[in-house]
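As structure tokens, the structure follows; a few thoughts come after it.
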Amino acid sequence: MTLKRLILIFILTPIAVLLAVSALFGSWQEPQFQSRLELYQTNIALQAQAWQSEDSNDDNLQAVREAILGEQPLEGAIKQYQEARQSVQANLDKVNNKLAQLRSQPETTLTPPKPLPDVAPTIKTSRRGQQPLQQSLKQLEKLLAELDLRLGILQAQQGQKDTALKTWSALQQRSDINPEFGQTAAVLTGLWSNPPRLLPNAQEPIQKNLEGWFRSTALVQLYQLQQRQDALSAVKATQQEAATQAVIKLALIGTIPTLAALIGLILLILLFAQRLLKGKASLLAQNADVPWSTPWDGETVLQVFVVGFFFMGQIFVPLLISLLPIQRPVTDVRLQAFSVLVSYLLVASGALLVLYFSLKRFFPLPEFWFRFRFQDKWFLWGLGGYCTALPIVVVVSLINQQLWQGQGGSNPLLQLALESQDSVALGIFFSTAAIAAPFFEEILFRGFLLPSLTRYLPVWGSILVSSLLFAIAHLSLSEILPLTALGIVLGVVYTRSRNLLAPMLLHSLWNSGTLLSLFTLGSN
């Protein structure tokens, strides 16, 4: 056995596996992005429920309103906020427990031989893990206070005034929050008390600490009590305008994916019916049992993924970027987006270079390897694959949410895209997610990994294994099941079409749809 093989198999591969497992378990305690996304959608639905058409007696418009919002939007919102509050409280308890454990550990001191600038030469090891936990603690406390303010308003609007007053009273008694939240809770308590109590400067904390439907609802209550008709008319007009926009947003993020999923469901039924009726002459059976001719062995696959993909993405590129003279943390959203794009391009370039030099000695490659054919049915395969992936991944995601209960981490790019309303930043995010990612990941996972596995496994087994590795490579436990399902559809599309353009299009449509939904939700 050569030295190169020994290092690859017994040193680099175990390190990569350990780091990947560590990253996956590290995501175990992180909240899922889906939970935050659901709250954004709930907030838009609350704004939309104030929408009224010019003809309030139009039954068709009322039916459309109920179809978009449901029959009882307030009750659904209360349930959503209660679940979110329970999740945040559970995370808060976990962080407090971890901090207590760190504080109980004996302090030992380390003296670095050459302290970095502005770093004290003595570091207390029992304190080193506390700073990120303290930051997480403050964020969770702030989020919990915001949820309580909003939950109280929902309860008051639903007629549960006593419950709302208890929610705000408990918030005022907490000593771990910003006093501004306590002041806002006091203002809201006064507005919904019987008899009401108007605190001085009540408008300021409402406008500062509440947003969207919650702010307009509180202001309507305030202006009604103050009998300020002009201000009341203005806020109601603004509320109606926001409600109209919210209805349009909900229609966009709900109608288009629903129609695509319905088309996908019909396609699935037709494809399976064709498979039963026509057997091996059906589209699903096309190339289903035809493996690739693979001249390299598993060592080459390990080399590409361990050295090219993992070490480039998790060690080399992050280390290279950390050495750049950039002020951190990066707060400008355009710089964040540009940093994500540059990092991704560096990782992709490094991995593709490793792939090229690993396969160079096997040139020319056998037929069907890394095949791009524009005069083909790749567009239909990609578009049809996207439609069929929607109902499959949605069902798997619903099951996944029940398993993880809001935990398991998510791709941090999703949060950046959701909260960014800068057109330049969004354009850069789109370039990363909808162009660079499909090109690179499809070449690596479908173009190289899946066909390589057919040397050892049947085609269907190669699809399953490559899909699972594709999901694990994203290093979030909560995303493994949905991404595996998506990977299976990508694999089926590629093996049947034998054209990399088809899964690239599917992947691009999927990421584009996600970004469009995030932009629409974040623009609330």
Side-chain angles (χ1 to χ4, degrees), residues 8-9 12-13 16-17 19-21 24 287-314 344 347-363 365-372 381-382 385 389 436-475 479-508 510-511:
L8 176 64
I9 295 175
L12 296 182
T13 301
V17 171
L19 289 175
V21 170
L24 283 170
N287 299 318
D289 301 320
V290 182
W292 277 257
S293 176
T294 308
W296 51 83
D297 58 15
E299 181 185 340
T300 302
V301 177
L302 272 181
Q303 180 174 295
V304 170
F305 276 88
V306 171
V307 178
F309 182 75
F310 191 84
F311 275 89
M312 277 289 176
Q314 298 300 313
Y344 197 88
V347 172
S349 300
L352 292 177
L353 278 174
V354 173
L355 175 64
Y356 172 77
F357 286 110
S358 298
L359 303 187
K360 187 178 179 181
R361 62 193 177 97
F362 300 104
F363 290 170
L365 298 179
E367 191 181 8
F368 296 123
W369 278 97
F370 305 107
R371 191 168 180 238
F372 293 86
W381 276 106
F439 179 79
F440 167 56
E441 293 176 16
E442 292 313 305
I443 284 179
L444 206 62
F445 287 94
R446 253 62 61 180
F448 172 69
L449 178 61
L450 192 161
S452 298
L453 291 173
T454 60
R455 175 169 175 164
Y456 305 98
L457 299 169
V459 173
W460 65 265
S462 301
I463 292 173
L464 290 176
V465 173
S466 62
S467 300
L468 181 60
L469 291 173
F470 167 71
I472 291 172
H474 288 76
L475 300 178
E479 294 183 335
I480 288 179
L481 284 180
L483 287 179
T484 299
L486 178 62
I488 289 171
V489 179
L490 286 164
V492 169
V493 165
Y494 179 52
T495 54
R496 273 50 174 181
S497 66
R498 301 293 161 122
N499 189 339
L500 270 172
L501 291 173
M504 283 181 181
L505 175 62
L506 194 167
H507 200 149
S508 180
W510 187 271
N511 288 357

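Annotation: the span from Ser452 atom OG to Leu302 atom CG amounts to 11.0 Å, rounded to 0.5 Å. Atom CZ of Phe370 sits about 4.5 Å away from atom CG of Leu355, to the nearest 0.5 Å. The line from CZ of Arg446 to CD of Glu441 is 8.0 Å long, rounded to the nearest 0.5 Å. Here the CG atom belonging to Leu353 is positioned 10.0 Å from the OG atom belonging to Ser358, to the nearest 0.5 angstrom. Atom OH in Tyr494 sits 10.0 Å away from atom CD in Glu442 (nearest 0.5 Å). For the atom pair CZ (Phe310) and CG (Leu19), the distance works out to 4.5 Å, reported to the nearest 0.5 Å.
The nearest pair of heavy atoms linking Ala16 to Val306 is CB-CG1, 4.1 Å. Listed here is the closest heavy atom pair of Phe362 and Pro295: CE2-O, 3.5 Å. Here the closest non-hydrogen pair linking Ile463 and Arg496 is CD1-NH1, 3.9 Å. Across all their heavy atoms, Ile488 and Ser467 have their closest contact at N-OG, 3.0 Å. Taking each heavy atom of Thr454 and Pro291 in turn, the nearest pair found is CB-CB, 3.8 Å. The two atoms that bring Ala437 and Asn511 nearest to each other are CB-ND2, 4.2 Å, heavy atoms only.
In this structure the side chain of Leu24 reaches within 4.5 angstrom of the side chain of Ile480, judged on heavy atoms. The side-chain heavy atoms of Ile472 and Thr484, taken from C-beta on, include no pair separated by under 4.5 Å. In this structure the side chain of Trp369 reaches within 4.5 angstrom of the side chain of Thr294, judged on heavy atoms. For the pair Val465/Tyr456, no side-chain contact is recorded, criterion being any heavy-atom separation below 4.5 Å from C-beta on. Looking only at side-chain heavy atoms (C-beta outward), Ile443 and Phe448 stay at 4.5 Å or farther from each other. In this structure, Val301 and Leu449 have side chains that are in contact, with non-hydrogen atoms separated by less than 4.5 Å. Two residues are said to be in side-chain contact when any heavy atoms from C-beta on lie closer than 4.5 Å; Leu444 and Phe305 meet this criterion. Inter-residue side-chain proximity for Arg361 and Trp296 is flagged as unmet; no heavy-atom pair is nearer than 4.5 Å.
Taking the six-membered ring for Trp, Phe445 and Phe309 have ring centres closer than 6.0 Å.
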- [ ] Go through the steps to decide whether Val290 and Val459 satisfy the test side-chain contact (heavy atoms from CB on, under 4.5 Å), and finish with yes or no.
- [x] CA-CA 7 Å; Val290 182; Val459 173; 5.7 Å; no
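No donor-acceptor pair under 3.5 Å is formed between the side chain of Thr495 and the backbone N or O of Ala288. Listed for the Ser466 side chain is no donor-acceptor partner under 3.5 Å among the backbone atoms of Leu450.
Looking only at atom types and distance, the side chain of His474 has no donor-acceptor partner in the side chain of Glu479 under 3.5 Å away.
Relative to the six-membered ring of Trp292, Arg498 meets both conditions, a distance below 6.0 Å and an angle of at most 45° to the axis.
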